[in-house]
There are 2 protein chains.
Amino acid sequence: MSQSDTVHRILDAAEVLFAERGFTETSLRTITSTAGVNLAAVNYHFGSKKELIQAVFERFLTPFTDILNRELNRRGGASEPLQLDDLLQSLYRVALAGLASQGRDPKRFMRLLGLAYTQSQGHLRRFIVSRYGDSYRRFAGQLAAALPHVDPVTFYWRLYFMLGATVFSLSSFDAIEAILREDFGAESSLEETLARLAPAAVAMLTAPMPGESAGDNH
Amino acid sequence: MSQSDTVHRILDAAEVLFAERGFTETSLRTITSTAGVNLAAVNYHFGSKKELIQAVFERFLTPFTDILNRELNRRGGASEPLQLDDLLQSLYRVALAGLASQGRDPKRFMRLLGLAYTQSQGHLRRFIVSRYGDSYRRFAGQLAAALPHVDPVTFYWRLYFMLGATVFSLSSFDAIEAILREDFGAESSLEETLARLAPAAVAMLTAPMPGESAGDNH
DNA sequence: GTCTATAAGCGGATAGAC
DNA sequence: GTCTATCCGCTTATAGAC
């Protein structure tokens, strides 16, 4: 068994198990036995459990941000700011097709992202911010430029609303899909769900401000 | 120290620590030493760590659903279905004022709810569904009735989008608020954030369907 | 009800043989 | 690079004195 083989097996097993149970709830013993490698291999190849967690995220996030940046460059050739629809399309298309084409499950990606936010792993948050913060800020900036009439603070709150809606619903995709299938007999694909999510996100980002026309209830 | 005093001290400490770190990351030793009680007291009064977790949620959710049900009864006196704005106002007002008046921090409540979803605690999910599932379905049903033109599957996906936006942004409220304060010098209160969240949720729930008028991009 | 003491086990990590 | 064996800290939970 070559080195990279062992490394890959560990990463594959860790990715699945972390997404299913969380970081603290997944022991190195479970990971190594699932991967069919020796317990000591994790510390040999990665140094520690924390560094293994970071490696799992790096394998997801580096291709993701690379593809997203290329997509933004391609579309950003024109001088004027991108349209909202285009930006969200880029984001969701990349998250879906870009990752899927590399054999990475987009739902698992979202579950891991959600865990990165909710599980209190300070080292992981720092790792992600320092490594991918620029890409995030670039995308947020372009999104803000497409919404010039929304004040910055409201914009950022809405961005977090959108992030929450996306991460939460996609990371629980299988569970929600199962409920809806049982209650309505309707199967939902990931594509359909993103096709529902995109207009919902647009509606939220472009909602009328407190002072504006519509929504002037009773 | 009376019995109920010890029980309260344990619940108070557990609530704060769980919300800060999660369940697995919080040991009974940390809880009992923070509460200033003996380690064995948890198992004596609650039986196990799992039952303590459930007790923490029961103390939050029982008053919450009680107040919400009363509110829905009060408003539902009229024969016609409630308006969307009214329903969301009820929900957010109850979550905020209702809990705050009982000394329960709404942000902590949201963090715990988020953890209940993301941390893989099967027993907790089962406990919440069996205990509070009816209240949830009642609220969802009234919300659906206020949106007769949205097909059921789309409605439920949007409900989860809304849930995700709410839980995610409120459970990370302090962190997001700190970022915005640093970047824009603007402080955000919880009330202001809910005042931003409500119209965003309405916009998402009432967004045009794929076939409808607006949003017909290029 | 509250305490001490301890059981029994799992966790991450490493030393050292191969 | 891979393995075994082991260290040691920390976990939940309980038995039994007070």
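Between the A/R21 side chain and the A/T26 main chain, no donor and acceptor come within less than 3.5 Å of each other.
Atoms NZ (A/K50) and P (C/dA13) sit 9 Å apart, rounded to a whole Å. Between the CG atom of B/L17 and the C1' atom of D/dT11 there is a distance of 16 Å, rounded to whole Å. We find that CZ of A/R9 is positioned 13 Å from C1' of D/dT2, with the value rounded to whole Å. Distance, B/K49 NZ to D/dC10 C1': 12 Å, rounded to whole Å. Look at CD on A/E51: it is 10 Å from P on C/dT14, rounded to the nearest Å. Residue A/L28 contributes atom CG, which lies 16 Å from atom P of D/dC3 at whole-angstrom precision. A/L39 places its CG atom 13 Å from the C1' atom of D/dC7, with the value rounded to the nearest Å. Protein atom OH of B/Y44 is 16 Å distant from nucleotide atom C1' of D/dA13, rounded to whole Å.
Taking the ring axis of A/F60 as reference, the NZ or CZ atom of A/R104 stays within 45° of it and closer than 6.0 Å to the ring centre.
Classification of B/R59 and B/D12 as a salt-bridged pair holds, one side-chain N sitting under 4.0 Å from a carboxylate O. A salt bridge is absent between A/E20 and A/R111; no separation between the charged side-chain nitrogens and carboxylate oxygens falls under 4.0 Å.
B/A40 comes within 4.0 angstrom of a base, heavy atoms only. Heavy atoms of B/T26 sit under 4.0 angstrom from primed sugar atoms or phosphate atoms, though from no base atom.
Of the inter-residue distances, the one linking A/T154 atom OG1 with B/R196 atom CZ reads 4.0 Å to the nearest 0.5 angstrom.
Side-chain nitrogen and oxygen atoms of A/T6 include at least one within less than 4.0 Å of the OP1 or OP2 phosphate oxygen of D/dT2. Phosphate contact (OP1/OP2 of D/dG1, side-chain N/O of A/N38, threshold under 4.0 Å): absent. Side-chain nitrogen and oxygen atoms of A/S27 include at least one within less than 4.0 Å of the OP1 or OP2 phosphate oxygen of C/dG11. For A/N43, no side-chain nitrogen or oxygen approaches OP1 or OP2 of C/dG12 to under 4.0 Å.
For B/H45, the side-chain atoms get nearest to C/dT2 when compared with the rest of C/dT2, C/dA13, D/dA13.
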